[in-house]
Chemist: 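Below is a structure I'd like to ask you about.
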2 protein chains.
Amino acid sequence: MLNIKPENLRTFVTVADCGTLQEASEILGRTPSAISMSLKQLSEQLGAELFETDRKANLTPTGQFVLEESRRALSSFDESLSIMQRYTQGKMGVVKVATVPSVASHLLPDVVSRFQKKAPNVRLELRDTDSVMVATAVRNGSVDCGVASLSFASQDLQHQLLLEEPFGLVCRPDHSLATSKKPLTWQALEDVTFISNGLCEQIRDEQFVRINSNTAIQVHNIVTLLGFIQQGMGVTLLPRLAVPDQGELCFLPLADKAAVRRLYFLEPKHHRISPAGMVFKGEVVGSFIRE
Amino acid sequence: MLNIKPENLRTFVTVADCGTLQEASEILGRTPSAISMSLKQLSEQLGAELFETDRKANLTPTGQFVLEESRRALSSFDESLSIMQRYTQGKMGVVKVATVPSVASHLLPDVVSRFQKKAPNVRLELRDTDSVMVATAVRNGSVDCGVASLSFASQDLQHQLLLEEPFGLVCRPDHSLATSKKPLTWQALEDVTFISNGLCEQIRDEQFVRINSNTAIQVHNIVTLLGFIQQGMGVTLLPRLAVPDQGELCFLPLADKAAVRRLYFLEPKHHRISPAGMVFKGEVVGSFIRE
DNA sequence: CGCCAATTTCATTAAATCTGAAATAATCTT
DNA sequence: AAGATTATTTCAGATTTAATGAAATTGGCG
C-alpha cells in the first residue's frame, strides 16, 4: 500500500501553482532540494511522472489529474481538521441543559444570550423540570448538564454551588402575617393555613418539617400554587426567585436564615461534558459568581 | 496551525475500535508506547481529552465526535489516493483516439474489445477522418493519439510504424485489366481512366505521381469512390484494408512493391499521453506487432 | 487496601526529512 | 549550434521526528 501524506500533496499543489521549485520553496519554507525529493517520492508512489520535464512549468495529463484530486483531498482533510478544532473549542455542537423553572425564566436569558454571542453555531436545547428530574436527566445522559437544588448528593453527579437565596413567606397583602414588622418565626406558621410545595423539602428545620408534613394541601406547580395564594387560601414558603416580581403578593423574610434554597450546577461525575458544554458551564458559573 | 497527520487519526480510530492499546498495537504493528505517544500528540493538538480515563474503553464526547470526523476524513483521503492510483494505472479516465476509416472498421474492433476487458472503466472516444486530420487532432491535443499514415514527419508528433500494406489496383471484374496474369506495371495505368483518391499521395513513384496529377476525377470519400468504380467509370489504387472484403470488385497486385501504405501510431512528442492512453497504445501496438 | 494489568514516561535507537554543496540537465543567448 | 545561465537533482551529513524497551505510574478489581 502507498504512503502518501498530505504534506506531499500540498507540496505538489504549490509547485504546480508556482511553476518553479524556487518560488514554491519560499512559500513552503523549505529548500528546493527538499521539495524536489518530496515530489520524487510522490511520483514514485504513484508510479507516474507528474511534470513533462524536470522544469515544473508543465504538468503531464497525470499531473493535471493528480493536481485536481489533490486539491479535493486537501480541502476535505483540512475541513475535517477544522471541524474537529471548532468542536473542541466549543464553537460547534449541541448543548442540552435542564434547569428548574425559576432559573430558566429569571437567570437563563442573560446566560443564554452571552453564550450565543460567544458560540453562535452551537445549538442549545433547554428544558425545565423539578430538581429531581434535572438530576436524573444529568445522571442518565439525556442532558449534558443542569441547574437545580440538590436534595441528596449523588455518587455520579458533580455539583458546584451557584447561589444561595433565603426562603420567604408568600401571602396576600391583606393576610394577617403581611403586616409583621419583624422576620417571621416558625411559630407564626403554626396558626395559619400553610400550603406546601416541592421546594419546601429543602428546609431541614425540625419544627418546619413537622408543619410541612401536616399540611392539608401540597401544590407542585408554581403557577397553580400562586393562584391558590392569590385566592387567599393560605400562605406558602418560596425562595425569592420563584416569586414573580410584579405580582400582587407579599414576600416576607424569615427569622431562620438557614432556610435557604441552594442552586447547583450539575454535571456527570464519571464522564466529562462536551467542549461547547464547558463554554456554557463557564457562562453559567461566571454569571453567578459575579453577582 | 495544527499538524495532524492521517496516521494519527488512523491510530486513534483503531484504538477507539479496539478499546485497548494492547490490541490496537497488534493491528497497527507498533508498540503500545508508540501508540500512546501518538494519541497524546493528537489530543494535545486538539486541546481536548479523547478518552475518559487512561484506559481506552470509553470515549469523551469530544472523542466520539473526533472519531466520527476522523472516519470521514480518512475514508475521503484514502478514496482520493485510490482514485489517483487507479488513474495512474490506466484504470480510469478518458482516451480520445482518431484513426483513418479503414483502421477504424477493420482493426479497431479487436483492439477496443481487448482494451475494454483490460480497462473497463475507461471511456473511449473514437473518431475517424483522413490522415491529415488525424495528425492535426493529435498535434493540437483534441485527441490523445491516433492511427494514420504520415505524409510528412511532424516535429511535434512521435510516430511508430504499425503496418505496411501494398497498394493494389481496384476495378470491376469485367475491366480490361482484371484478367491480367502478371502484377501490373505503372505503364498499364497510362491507357485506362484512373480515378484518384487521397491515399494515392502516399505513392512516391514519379511515373505514378504524374498519372495521378493528370487524372480528371479525384474522390476522397471511400464509399463514393468505390461506387464510381462499381459503375465502371474507371479504376483506382487502394491499400488492401481500404477495400471491403465481400465487394464485387477485383484487387490486383502491383509490380512496384514500393507502393505501400504505412500506418503509424501517432502521439504528441512534447507532452506525454495519459496512463489509460498508454494502455490503449499498448493494445494497438501489441495487436499489430503480433500479426 | 493492596495486587494486577494497562498505560505512560523516559532515555535510547531508528527512521524519515531537511540542508547545502556539487553535479546534471534544460533553456536562453549570441 | 555552442557556451552561458539558471533550474533541478543528487548525495552526504545534520536535524527533526517517530519508535522501541525498560521502568514508573495509574486505575480497576478483589
Side-chain angles (χ1 to χ4, degrees), chain A residues 1-60 63 81 155-156 158 268-272, chain B residues 1-60 63 81 155-156 158 268-272:
Chain A
M1 189 44 195
L2 70 189
N3 176 30
I4 294 173
K5 295 183 259 323
E7 284 319 296
N8 293 120
L9 301 184
R10 224 178 289 280
T11 301
F12 168 62
V13 170
T14 306
V15 173
D17 285 345
C18 292
T20 134
L21 281 199
Q22 205 81 26
E23 203 181 324
S25 74
E26 291 165 22
I27 294 173
L28 294 168
R30 262 169 293 154
T31 60
S33 83
I35 292 168
S36 173
M37 291 163 105
S38 174
L39 290 179
K40 186 186 175 192
Q41 185 179 319
L42 177 62
S43 68
E44 273 174 4
Q45 298 261 6
L46 290 173
E49 294 298 325
L50 266 11
F51 295 94
E52 290 290 354
T53 68
D54 63 1
R55 300 298 169 101
K56 309 306 183 196
N58 296 307
L59 291 163
T60 60
L81 293 190
Q155 59 176 349
D156 38 38
Q158 201 173 71
K269 182 177 279 180
H270 296 303
H271 60 94
R272 54 193 87 195
Chain B
M1 188 46 193
L2 70 187
N3 175 30
I4 295 172
K5 294 183 261 322
E7 285 318 298
N8 293 120
L9 301 184
R10 223 178 289 280
T11 301
F12 169 62
V13 170
T14 306
V15 173
D17 286 343
C18 292
T20 136
L21 282 200
Q22 205 81 27
E23 202 181 325
S25 74
E26 291 166 21
I27 294 173
L28 294 169
R30 265 169 292 155
T31 60
S33 82
I35 292 168
S36 172
M37 290 163 101
S38 174
L39 291 179
K40 186 187 175 193
Q41 184 180 320
L42 177 61
S43 68
E44 274 175 2
Q45 298 261 5
L46 290 173
E49 293 298 326
L50 267 10
F51 295 95
E52 290 291 354
T53 69
D54 64 0
R55 303 296 169 104
K56 308 307 182 194
N58 297 307
L59 291 163
T60 60
L81 293 190
Q155 58 176 350
D156 37 38
Q158 201 173 71
K269 183 178 277 179
H270 297 303
H271 61 93
R272 53 193 88 196

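Sequence lines set the chain letters: A, B, ... in the order given, protein chains first and strands last, and positions in each chain run from 1.
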Chemist: When you measure from the side-chain N and O atoms of B:K40 to the phosphate of C:dT7, is any distance below 4.0 Å, counting only OP1 and OP2?
Modeler: no
Chemist: Report the distance from atom CD of B:E49 to atom C1' of C:dT8, rounded to the nearest whole Å.
Modeler: 13 Å
Chemist: Would you kindly give the CZ-to-C1' distance between A:F51 and D:dA7, to the nearest whole Å?
Modeler: 13 Å
Chemist: Quick one: CZ on B:R30 to CD1 on B:I27, what's the gap to the nearest 0.5 Å?
Modeler: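 B:R30 CZ to B:I27 CD1: 12.0 Å, rounded to 0.5 Å.
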Chemist: What is the distance from CG of B:L42 to P of C:dT7, rounded to the nearest Å?
Modeler: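 About 16 Å, once rounded to whole Å.
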Chemist: Taking five pairs at each end, how big is the angle between the two axes of the helix from C:dC1-D:dG30 to C:dT30-D:dA1, to 10°?
Modeler: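 End-to-end axis angle: 40°.
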Chemist: What's the CG-P distance between A:L28 and C:dT19, to the nearest Å?
Modeler: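 The distance from CG of A:L28 to P of C:dT19 comes to 11 Å, rounded to the nearest Å.
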Chemist: Could you check whether any side-chain heavy atom of B:T14 comes within less than 4.5 Å of a side-chain heavy atom of B:I35, counting everything from C-beta outward?
Modeler: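 Sidechains of B:I35 and B:T14: no contact.
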Chemist: Output all residues satisfying side-chain contact (heavy atoms from CB on, under 4.5 Å) with B:T31, sequence neighbours left out; order by chain, then residue number.
Modeler: B:S33, B:A34
Chemist: A quick test of your reading: do over 12 heavy atoms of other residues, nucleotides or ligands sit less than 6.0 Å from NZ of A:K40?
Modeler: no
Chemist: Tell me, which pairs form a ring pair (Phe, Tyr, Trp, His ring centres under 6.0 Å) where one or both residues lie in residues 21-47 of chain B, sequence neighbours left out?
Modeler: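 Output for this query is empty, none listed.
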Chemist: Do A:E23 and A:K56 come close enough that some side-chain heavy atom pair is under 4.5 Å?
Modeler: no
Chemist: Report the residues that fulfil side-chain contact (heavy atoms from CB on, under 4.5 Å) with A:E52, sequence neighbours left out, ordered by chain and then residue number.
Modeler: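 A:E52 satisfies side-chain contact (heavy atoms from CB on, under 4.5 Å) with A:N58, A:T60, A:P61, B:H271, B:R272 only.
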Chemist: Distance check needed: C:dA16 P versus B:E7 CD, whole Å only.
Modeler: 12 Å
Chemist: Go through the structure and list residues passing side chain to side chain donor-acceptor pair (under 3.5 Å) with A:S38, not counting sequence neighbours.
Modeler: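 Scan of A:S38 (side chain to side chain donor-acceptor pair (under 3.5 Å), adjacent residues dropped) gives A:N8.
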Chemist: Is there side-chain contact between B:L21 and B:L39, with heavy atoms separated by less than 4.5 Å?
Modeler: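 A side-chain contact exists here, since the closest heavy-atom pair is under 4.5 Å.
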Chemist: Give the B/S/- string for nucleotides 12-30 of chain D, one per nucleotide from 5' to 3', where a protein heavy atom under 4.0 Å of the base yields B, of only the sugar-phosphate yields S, and otherwise -.
Modeler: ------SSBB-----BS--
Chemist: Provide, to the nearest angstrom, the distance between the CD atom belonging to A:Q22 and the C1' atom belonging to C:dA26.
Modeler: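 Going from A:Q22 (CD) to C:dA26 (C1'), I get 15 Å.
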Chemist: Report the distance from atom CG of B:L39 to atom P of C:dT7, rounded to the nearest whole Å.
Modeler: 10 Å
Chemist: How many whole angstroms separate atom CG of A:N58 from atom C1' of C:dA25?
Modeler: 16 Å
